[in-house]
4 protein chains.
Amino acid sequence: MNNGAKEKTMKKVDGRGQRSEESRGRILNSATRIFAKKGLDGARIDEIAEDAGINKRMLYHYFGSKEDLYVEVLRFNYEKIYTLSKNAFNLADDSKENVTRAVRAYFYFLAKNEDFVRLTSWEALNGGRFAKKVIPQFFDLVELEFGDIIKDGIKRNFIRPDTDIRQVIVSVQALCLVYFNRREIVQPLWQEDLLSEEMLEVRLQHILALIFDGIFSHEEE
Amino acid sequence: MNNGAKEKTMKKVDGRGQRSEESRGRILNSATRIFAKKGLDGARIDEIAEDAGINKRMLYHYFGSKEDLYVEVLRFNYEKIYTLSKNAFNLADDSKENVTRAVRAYFYFLAKNEDFVRLTSWEALNGGRFAKKVIPQFFDLVELEFGDIIKDGIKRNFIRPDTDIRQVIVSVQALCLVYFNRREIVQPLWQEDLLSEEMLEVRLQHILALIFDGIFSHEEE
Amino acid sequence: MNNGAKEKTMKKVDGRGQRSEESRGRILNSATRIFAKKGLDGARIDEIAEDAGINKRMLYHYFGSKEDLYVEVLRFNYEKIYTLSKNAFNLADDSKENVTRAVRAYFYFLAKNEDFVRLTSWEALNGGRFAKKVIPQFFDLVELEFGDIIKDGIKRNFIRPDTDIRQVIVSVQALCLVYFNRREIVQPLWQEDLLSEEMLEVRLQHILALIFDGIFSHEEE
Amino acid sequence: MNNGAKEKTMKKVDGRGQRSEESRGRILNSATRIFAKKGLDGARIDEIAEDAGINKRMLYHYFGSKEDLYVEVLRFNYEKIYTLSKNAFNLADDSKENVTRAVRAYFYFLAKNEDFVRLTSWEALNGGRFAKKVIPQFFDLVELEFGDIIKDGIKRNFIRPDTDIRQVIVSVQALCLVYFNRREIVQPLWQEDLLSEEMLEVRLQHILALIFDGIFSHEEE
DNA sequence: AATGAATGAGCTTTCATTCAT
DNA sequence: AATGAATGAAAGCTCATTCAT
């Protein structure tokens, strides 16, 4: 259905096709926000349509059903993180630098994409039921490529050879996600706004310190 | 309401009051399971009532509304982890031992209480909106007491003095929770069942290794 | 059903029968208040039972059903006005005095029996559907006896011979009832409390003046 | 809500908006009939929807809730009597004529609008709770303008100067309303149909006679 | 391409009534 | 005589979806 709609737009380069593509985009944006906020069950088609400023009927025209729209929202948002992994994850010689760059990129991606964080959390509670329709191997691909970085680090003897790469992937993801995921809940522990630039950097440094002093061999210390 | 019902039962030890308490309990158990599985919005009162084997009306009689029932379910389940924190967290002389015992207790509590894990995750997405009615300072109390253990460790010079206790609390919680939280999603990375005794122990050891080699001073290495 | 319960009580003079009669009375009083306030549809069995301080089950034991209870409430309250008509309506020689006494008695009866006023109003909206089960000729009997007073007045030449007795009955009833009936609605027209002794007397005098100067021959003026 | 829907219709004179307005009107008519008959508590949304021949959902779409619909019904019906008071109550030189015209207009308005009579009676039992949302000063405005007529009559020396205008307003309203209000109850007193043209006129003449011979100075007699 | 109006199924909630003790 | 617990039917209300233009 997604593809179908896209092809249509391709064909028609005149005014009508563009409006159509614009409507589709507006729906997608509104749906992202509202599904992120309330989940599949909590979201209301009426609210999305009103927020997008379009007629409810068009929403069905473009996306078929609430569930299909939800899946498209997942696709739309996961494409963003694909892009991230393509760009920010090139191996350099310094393993520590590689890991730092990757973690930083992931962490700040999450910081800037609260909707993605929430969508991924709803999906976790769904057991990835819908995301699987979008990503065969659901599970941020970032993490898979992060695995390569670790593997490379082991080769170069920077990282302990007995390191369980999969566990590390899961852990790094957890350490980053949790900060946004449970932000409202842990916020009371701090005076400062958890999303301020300073606090974000504090958290990132904490994560890096925890990881490095754990997984790196300690010969250099 | 909870207390009220209990007192009633206290008074009458004969058959009458007990059935009431039993019904209440059955509702609470069914509701726990179904809210855990589907969340507040996804759960259906009919399903809960049928599962509990009682008339829908009684559910309203005992709990007032769907939302109130949900809050009672949170209370009911959070009481379990209170108990944990009361019992398993007594300070010994060995700081490493203290941390290990606490993390192990928490980790295995989560392993045995999938419903709790899921309820807490739904609540995170709700910003703790409902849990706040149950726990003034929502956020597993376990973690707060875990803070004392870290503090004690710092005093004894086992743990680095510059450690940010709150960040560690958040991180430990993340490292434990993620494993159950996103289990269905990360499972494809492994052949083995993530909930098998062996795999649980593997994860726990990974967490401990990550933590220790990070937060402990490295004089002993 | 009413009689049945009474006979029972007659038989048993010991404690049990008295309690039973007392419970019945409490239910009737509570039901009167609540039916008067909210009507048959608006009243709730639970509320009546709680207000009477008895178990809902007893209410069904004594009265059979909500509707039957309502009918008993009507009977219970109409008996009060029967008593009135028996006592206050004896013919004297002075026709004006007779009418005055009767109207005054009726007006103050209503003033002191707000519940009766409301019950009779609900019944009017019901077309007397339920009251008919209690009084064959529903319609305050007072009024019928009031008819005799008028008739007597005509005989004595105090009242115009062309007076339509039935219309007068309806009108007098209206003039008295409306004051209590629509009290909350007309109250804003006055500063004073419509139920104060002074205001009640003002209204009564207005009614009497309106009636007399209308229906009496004007020879004496 | 009322205005909103009307504006909508204004914009689009083609088929689309009109059906909406028509549905709204059908609901209002059905609701008037059924609320008049059974009151707010006795009426059933399903019955109204079925009677209006529309889907229950639309009723909520247009009116929001049962109570809101009830309020709109009151507004809708009170507008009718506003119109009456605007048209039929212009002062002429003859005071008797003025009063007669006003009472006649009011009396026949009631005769032709049984629903209005009943709605106003339910509201009286509600203490005007809902009508207050529609009319700041609930209480037929007719009556207030009737007050002006009386006042004018006093000026012209046709009506006794000590007349309490507010009492007269209440009384006239009572004398008219009661005939329709309690019609089913008093009907057994007559053989004829109370709503027949003849009987209506009889009642009206009775009311006028009662009023005039009371409130007018009797010099002319 | 776009829309206002409409719908049926299903949701939460309520209520008069009865069961079991 | 009295009661706490339980129930089925139906109420008010909501929602994803489709019709007609």
Side-chain angles (χ1 to χ4, degrees), chain A residues 8 12 15-20 22-23 41 43-49 54-62 64-67 69, chain B residues 8 12 14-24 41 43-49 53-62 64-67 69, chain C residues 8 12 15-24 41 43-49 54-62 64-67 69, chain D residues 8-9 11-12 14-24 41 43-49 53-62 64-67 69:
Chain A
K8 256 188 217 165
K12 314 187 175 181
R16 275 159 77 197
Q18 284 181 348
R19 276 186 62 195
S20 127
E22 192 211 317
S23 289
D41 286 319
R44 296 291 164 247
I45 286 288
D46 280 283
E47 192 185 357
I48 293 172
I54 55 103
N55 187 280
K56 220 184 341 178
R57 191 65 191 76
M58 291 319 291
L59 192 153
Y60 281 91
H61 179 65
Y62 287 125
S65 78
K66 187 190 188 186
E67 211 173 288
L69 172 58
Chain B
K8 261 185 211 164
K12 318 195 168 180
D14 58 24
R16 282 205 281 247
Q18 282 183 341
R19 285 196 47 199
S20 143
E21 190 65 7
E22 191 209 317
S23 290
R24 210 178 173 278
D41 287 319
R44 295 290 163 250
I45 286 289
D46 280 284
E47 192 184 356
I48 294 171
I54 53 100
N55 185 282
K56 212 182 350 177
R57 186 64 187 76
M58 293 317 287
L59 194 152
Y60 283 92
H61 179 66
Y62 288 125
S65 76
K66 188 189 188 184
E67 208 174 293
L69 172 58
Chain C
K8 256 189 217 166
K12 314 187 178 181
R16 274 160 76 196
Q18 284 181 348
R19 275 187 61 196
S20 128
E21 188 63 8
E22 191 211 318
S23 289
R24 207 178 174 282
D41 287 319
R44 297 291 163 247
I45 287 288
D46 281 281
E47 192 185 357
I48 294 171
I54 55 101
N55 187 281
K56 217 183 343 177
R57 190 65 191 76
M58 290 320 290
L59 192 152
Y60 282 91
H61 179 65
Y62 287 126
S65 75
K66 187 190 186 184
E67 210 173 289
L69 171 58
Chain D
K8 262 186 213 165
T9 318
K11 280 182 195 164
K12 319 196 168 183
D14 58 24
R16 281 203 282 248
Q18 283 183 343
R19 287 195 48 200
S20 144
E21 190 64 6
E22 192 211 316
S23 290
R24 208 178 174 278
D41 287 319
R44 294 291 164 248
I45 285 288
D46 279 284
E47 191 184 357
I48 294 172
I54 53 100
N55 186 282
K56 211 186 347 177
R57 186 64 188 77
M58 292 318 286
L59 194 151
Y60 284 93
H61 179 66
Y62 288 124
S65 76
K66 188 189 189 184
E67 208 173 292
L69 172 59

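Convention: sequence-line order gives letters A, B, ...; per-chain numbering from 1.
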- Which of the following nucleotides, E:dC19, E:dA2, F:dA1, is nearest to the side chain of C:His61? F:dA1
- Using Watson-Crick or G-U wobble geometry with both distances below 3.5 Å, tell me the partner of E:dT21, or none. F:dA2
- Query: Picking from F:dA5, E:dT7, E:dT17, which would you name as closest to the side chain of B:Met58?
  - Reply: F:dA5
- So which nucleotide from E:dT17, E:dT3, F:dA5 ends up closest to the side chain of A:Asn55? E:dT3
- Query: F:dT17 P sits how many Å from A:Leu69 CG, rounded?
  - Reply: 10 Å
- Message: I want to verify a distance call: between E:dA2, E:dC11, E:dT7, whose nearest atom is closest to the A:Tyr62 side chain?
- Response: E:dA2
- Query: Looking at F:dG4, E:dT13, E:dA16, which one has an atom nearest to any side-chain atom of C:Tyr60?
  - Reply: E:dA16
- Message: It should be established whether C:Ser23 places a side-chain nitrogen or oxygen under 4.0 Å from OP1 or OP2 of nucleotide F:dA1.
- Response: no
- Item | Rounded distance [0.5 Å steps], CZ in D:Arg44 versus NZ in D:Lys56 | 12.0 Å
- Query: So does A:Ser65 get a side-chain nitrogen or oxygen closer than 4.0 Å to the phosphate oxygens (OP1/OP2) of F:dA16?
  - Reply: no
- Message: Rounding to an integer number of Å, can you tell me how far C:Glu22 CD sits from F:dA1 C1'?
- Response: 13 Å
- What integer distance in Å separates D:Lys66:NZ from F:dA10:P? 16 Å
- Message: Can you give me the closest heavy-atom contact between B:Ile54 and B:Ser23, atom names plus distance?
- Response: CG2-OG, 4.3 Å
- Go through F:dA1, F:dA11, E:dT12 for me and flag the one nearest to the B:Asp46 side chain. E:dT12
- Can a side chain N or O of C:Arg44 be found less than 4.0 Å away from OP1 or OP2 on E:dA16? yes
- Message: Measure CG/D:Asp41 against P/E:dT14 and give the value in whole Å, please.
- Response: 14 Å
- Between D:Ile45 and C:Lys56, the residue closer to the 5' end of DNA chain F by nearest nucleotide is C:Lys56
- F:dT14: pairing nucleotide in any strand, Watson-Crick or G-U under 3.5 angstrom: E:dA9
- With heavy atoms under 4.0 Å as the rule, sort A:Ala43 into base, sugar-phosphate or nothing. sugar-phosphate
- Does D:Ser20 place a side-chain N or O at less than 4.0 Å from the phosphate oxygens OP1/OP2 of E:dA5? yes
- Item | d(CG, C:Leu59; P, E:dT17) in whole Å | 10 Å
- Message: If you assign each of C:Ile54 and B:Gly53 to its closest nucleotide in DNA chain F, which residue comes earlier from the 5' end?
- Response: C:Ile54
- Query: In Å and rounded to the nearest 0.5 Å, what is the CG to CD1 distance from B:Leu59 to B:Ile45?
  - Reply: 5.0 Å
- Query: Between C:Ala43 and C:Lys66, which heavy-atom pair has the shortest distance, and what is it?
  - Reply: O-NZ, 3.0 Å
